[in-house]
Amino acid sequence: NPSADVWFGGTTAPYNVVAAEGLLEAYEAKNLLERNGIDCFISNENMACVYPMFDSNLGGVRLHLFEKDIAAADSLLADSGKNDDESAHS
């Protein structure tokens, strides 16, 4: 029993659907933080795939990091959001 889909070959339709639904945000944040030297990991990702109703009200997918890194992570994510807003308006 596979535990994940592999988006390799074929069309980008499945990827486009999850991207439009905002389901990649946790991974984008994780990648940004790790590129900037902040260790973190994602939990509950399999639960969200198995039980689509497992949304943020029930726990949802979570990004975990050390308490010492929270301020730096907040700053990076805020700057990233500002850059996204600026590029959307240009």
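Because the structure is a prediction, the values reported are computed rather than measured.
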Taking salt bridge (Lys or Arg N to Asp or Glu O under 4.0 Å) as the cut-off, I'd like each qualifying pair that reaches into residues 66-78, sequence neighbours left out, listed once.
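Those involving residues 66-78 do not exist here.
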
What's the spacing between I42 CD1 and H64 NE2 if we round to 0.5 Å?
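That separation rounds to 9.0 Å.
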
Quick one: pull up CG in N44 and CG in L63 and give me the separation to the nearest 0.5 Å.
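Going from the CG atom of N44 to the CG atom of L63 covers 12.0 Å.
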
Could you report the tightest heavy-atom contact between D39 and L65, atom names first, then the distance?
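Closest pair (atom of D39, atom of L65, distance): O-CB, 3.7 Å.
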
For I38 and A73, work out which heavy atoms get closest and say how close.
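Heavy atoms of I38 and A73 come nearest at CD1-N, 3.8 Å.
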
Distance-only check: which donor-acceptor pairs under 3.5 Å involve side-chain atoms of residues 24-32, not counting sequence neighbours?
residue: Y27; atom: OH; partner: E45; partner atom: OE1; Å: 2.4
residue: K30; atom: NZ; partner: E34; partner atom: OE1; Å: 3.1
residue: K30; atom: NZ; partner: E34; partner atom: OE2; Å: 3.0
residue: N31; atom: ND2; partner: Y27; partner atom: O; Å: 3.2

